[in-house]
Amino acid sequence: MEIKLFNSLTNQLETFVPLRPGKVSIYVCGPTVYNDPHIGNLRPVVVFDVLRRLFIHESYQVTFVSNFTDVDDKIINRAVAENTDESALAVRYIREFNKVSAAVNSLPPTFSPRVTKYIPEIIRYIEDLVANGAAYVVDGDVFFRVSSISDYGELSKINIDDLISGARVEENAKKESSLDFVLWKKTDIGISWDSRWSRGRPGWHTECCAMINSLFPDGQIDIHGGGFDLKFPHHENEIAQSKAHNGNKIARYWMHNGYITFGEDKMSKSIGNVILAKDAIKKYDGNIVRLVLLGTYYRSPLSFSPDVMDAAAIEYGRIQNAISQLAVVLQLADISLIPFEKPDIEPFLSHLANDLNTPNAITELFAIIKKANGVLRQKPLDYRLIKKLLIEALAMLELLGLKVSYPLLNVEDKELYASYMRLKSDKNFAESDRLRQILMTKHII
RNA sequence: GGUUCCUUAGCCAAGUGGUAAGGCAAUUGACUGCAACUCAAUGAUCGUCGGUUCAACUCCGAUAGGAACCUCCA
């Protein structure tokens, strides 16, 4: 199936064509690990996981990379404040991030590189840039020379002159131009490494370049993803460095997910209106959080509120309930749950393939659920149809990454169910209600 | 100051130049021994004002309101 993606670089919907046939490389900018992740951090985790699942379904061999930024001022400051070291702090929040990612059923990345493990690669990358004139050294700091490349601003669509005139940035006297950004920062505070320029640490923008350059041929990938806020300056600067270093734009397709808002405001650590991922998952459920995150087109802002969560909880319950009933009915009739044919989920897939339109895809899922609930009430049960619907629904849920469970009945369960039905038709309601309670506890009805 | 984007029923949220998906809530029915589950029906002319067009929510312009980026941030 043809997969169309909205490319932020061209601002157009484009048909996906891989760099290498049958393979897809996806790199998603991961978190700076200085704090508990909030639900906004989870949006790219879920969105790009669905993209990955779509590619897997379409028989691509997917390499999925998401990094951890474990060198950063915030980490250093926090480590100092907590009287611990950066590494311990980073490890703690990496673990926390992995935990909530797993809780929303996102597949673990193929690679999860950490900046601290790529220092030699980063230094080498910067050395290359200095060597070819794209970077310059001033007093132990290294800056990227934006004027050395063409079309700076092509991703964020920012006009360089406007950027310079409208800059709120405090001018750094060391830089040749206010557009130039730091690649290596001389420092005597916090974690640092030796380089030929100074003892210091890398700037933020080089890590992704160095990692991608190390992990992929020609330092080029198919899809680079992340939040909208990374477009500028982070991704713009990645493109700039890669142009200077490898002569390419690092990625063919750039995808940016929208923010999660709370009320009208962006949910942000600096505003302090965040809902932590672990709290949302604890209060509701990873599946429900995931359903909320997929209920809105990934490029649109998503408003998060208790109302939205409650609605999703009900929706998820309905999905779960229908799946469970379908599976039980089949088992009571001793029909295998193993698929007899490939599920036909064409409309669902085409919605996903249309730039990951998960809201419309979910609508297809609801259509199946509604149909199933009707079929389950028909008098002579149409087992073939029931099985077909179950298999289709499960295939959709797998692509969305939503987990549902259904009971597996043993002989005892089936006998219990039969007794329940017999007592009920005998109008022995006292006893049938007792069995019903047991069956309900086992989630069989 | 510069740039980009958004505005669809009570809430969430898709969408196409030809008279608006879906979900939650609500109301009314149906099913039912009771309950749970479930099903059906009912609601918006798409911020406002103009323009283009045979036809616009969907294109263009203006206006109001909101948001984001330009500084660490998914």
Side-chain angles (χ1 to χ4, degrees), chain A residues 11 28-32 34-35 37-48 66 69 72-75 77 97 153 156-159 161-170 178-179 204 225-234 236 256-261 263-271 274 277 291-293 295-319 321-322 324-325 351 354 357-367 369-377 424-425 427-430 432-433 436-437 440 445:
Chain A
N11 265 348
V28 178
C29 285
T32 300
Y34 71 104
N35 210 338
H38 62 262
I39 47 169
N41 293 295
L42 240 31
R43 195 172 190 189
V45 170
V46 167
V47 163
F48 293 107
S66 187
T69 300
D72 178 89
D73 280 340
K74 290 186 292 292
I75 298 175
N77 294 340
F97 189 84
S156 44
K157 315 288 182 282
I158 284 176
N159 179 298
D161 297 332
D162 291 342
L163 195 59
I164 293 172
S165 65
R168 296 184 297 175
V169 193
E170 200 175 308
S178 60
L179 293 176
W204 176 37
F228 257 105
D229 45 0
L230 295 182
K231 238 177 168 179
F232 189 89
H234 188 53
E236 195 70 70
H256 294 98
N257 63 270
Y259 307 111
I260 291 183
T261 59
E264 306 252 287
D265 296 320
K266 172 183 173 182
M267 190 177 290
S268 138
K269 288 172 186 171
S270 38
I271 296 176
V274 299
L291 188 56
V292 167
L293 295 179
T296 302
Y297 177 45
Y298 75 94
R299 304 206 322 121
S300 299
L302 187 160
S303 53
F304 197 90
S305 70
D307 285 352
V308 171
M309 289 304 296
D310 290 340
I314 290 166
E315 289 175 15
Y316 180 69
R318 295 187 61 218
I319 296 167
N321 195 30
S324 193
Q325 284 187 49
H351 281 127
N354 181 26
N357 193 326
T358 50
N360 280 347
I362 289 171
T363 295
E364 295 294 333
L365 175 63
F366 279 124
I369 297 300
K370 182 168 284 191
K371 192 171 177 186
N373 283 325
V375 169
L376 283 165
R377 304 231 156 191
K424 213 162 72 143
S425 63
K427 298 200 189 301
N428 183 349
F429 295 126
S432 77
D433 281 357
R436 179 170 70 184
Q437 193 52 49
M440 285 176 82
I445 58 174

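Quick note on labels: first sequence line is chain A, next is B, and so on, each numbered from 1. Please read all numbers here as calculations on a predicted model, not as lab measurements.
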Euclidean distance, atom [atom1] of residue [X] to atom [atom2] of [N] [Å, nearest integer]:
| X | N | atom1 | atom2 | value |
| --- | --- | --- | --- | --- |
| A:Lys424 | B:A35 | NZ | P | 13 Å |
| A:Arg377 | B:A36 | CZ | P | 12 Å |
| A:Ile445 | B:C37 | CD1 | C1' | 10 Å |
| A:Phe232 | B:C70 | CZ | P | 8 Å |
| A:Tyr298 | B:A13 | OH | C1' | 17 Å |
| A:Phe304 | B:C11 | CZ | P | 19 Å |
| A:Gln437 | B:C37 | CD | P | 14 Å |
| A:Tyr259 | B:U4 | OH | C1' | 10 Å |

Does A:Thr363 reach the main-chain N or O of A:Pro359 with its side chain, forming a donor-acceptor pair under 3.5 Å?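 Side chain of A:Thr363 to backbone of A:Pro359: a pair is present.
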If you look at every strand shown and take non-hydrogen atoms under 4.0 Å, does [X] touch a base, only sugar-phosphate, or nothing?
| X | result |
| --- | --- |
| A:Ser300 | sugar-phosphate |
| A:Gly225 | nothing |
| A:Phe228 | nothing |
| A:Asn257 | base |
| A:Gln325 | sugar-phosphate |

For [N], the Watson-Crick or wobble counterpart (both distances under 3.5 Å):
| N | result |
| --- | --- |
| B:U32 | none |
| B:U42 | B:A26 |
| B:U52 | none |
| B:A74 | none |
| B:U16 | none |
| B:C5 | B:G66 |
| B:U58 | none |

Quick check: on RNA chain B, is the nucleotide nearest A:Asn354 upstream (toward 5') of the one nearest A:Met440, or the reverse? Name the residue that is more 5'.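 Its nearest nucleotide lies further toward 5', so the answer is A:Asn354.
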Want to settle it: does A:Lys427 or A:Val308 sit nearer the 5' end of RNA chain B, counting the closest nucleotide to each?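 Residue closer to the 5' terminus by nearest nucleotide: A:Val308.
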Between [N] and [M], how far apart are the two [atom1] atoms, rounded to whole Å?
| N | M | atom1 | result |
| --- | --- | --- | --- |
| B:U7 | B:G47 | P | 8 Å |
| B:C6 | B:U16 | P | 13 Å |
| B:U8 | B:U45 | P | 14 Å |
| B:C11 | B:C73 | P | 35 Å |
| B:A25 | B:U58 | C1' | 29 Å |
| B:G15 | B:U4 | P | 23 Å |
| B:C34 | B:U42 | P | 28 Å |
| B:G50 | B:C12 | C1' | 32 Å |

Within less than 4.0 Å of OP1 or OP2 of [N], is there a side-chain N or O belonging to [X]?
| X | N | result |
| --- | --- | --- |
| A:Asn321 | B:C37 | no |
| A:Asn357 | B:G15 | yes |
| A:Ser303 | B:A67 | no |

With sequence neighbours left out, write down each residue that passes side chain to side chain donor-acceptor pair (under 3.5 Å) with [X], or none if nothing qualifies.
| X | value |
| --- | --- |
| A:Asn77 | none |
| A:His351 | none |
| A:Ser156 | A:Glu236 |

Residues A:Asn257, A:Leu302; criterion side-chain contact (heavy atoms from CB on, under 4.5 Å); working and verdict: CA-CA 10 Å; A:Asn257 63 270; A:Leu302 187 160; over 6 Å; no
How would you summarise protein contacts on nucleotides 18-24 of chain B per nucleotide, using B for base, S for sugar-phosphate only and - for none, with heavy-atom distances below 4.0 Å? ---BSSS
Quick one: CG on A:Asp229 to OH on A:Tyr259, what's the gap to the nearest 0.5 Å?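 Rounded to the nearest 0.5 Å, the CG-OH separation comes to 4.5 Å.
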Results of side chain to side chain contact (heavy atoms under 4.5 Å, CB included) for A:Ser432 - residues two or more places apart only: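 For A:Ser432, the residues satisfying side chain to side chain contact (heavy atoms under 4.5 Å, CB included) (neighbours in sequence not counted) are A:Tyr420, A:Leu423, A:Lys424, A:Phe429.
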Please list, chain by chain and in numerical order, all residues satisfying side chain to side chain contact (heavy atoms under 4.5 Å, CB included) with A:Val47, sequence neighbours excluded.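 Result, side chain to side chain contact (heavy atoms under 4.5 Å, CB included) vs A:Val47: A:Arg43, A:Tyr298, A:Leu356.
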Any side-chain heavy atom of A:Leu291 within less than 4.5 Å of one from A:Ile362?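 They are in side-chain contact.
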Answer yes or no: is there a side-chain heavy-atom contact under 4.5 Å between A:Val45 and A:Leu293?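 Of all side-chain heavy-atom pairs linking A:Leu293 with A:Val45, none is under 4.5 Å.
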Which nucleotide, B:A74, B:C34, B:A14, lies nearest any side-chain atom of A:Asp433?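 Closest nucleotide to the A:Asp433 side chain: B:C34.
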Face-to-face contact A:Phe429 to B:G33 six-ring, under 5.5 Å, under 30°: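 Yes, A:Phe429 stacks on the base of B:G33.
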Checking only heavy atoms, does the side chain of A:Arg436 share a donor-acceptor pair with the base of B:A35 at less than 3.5 Å?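 Answer is yes: a donor-acceptor pair is held.
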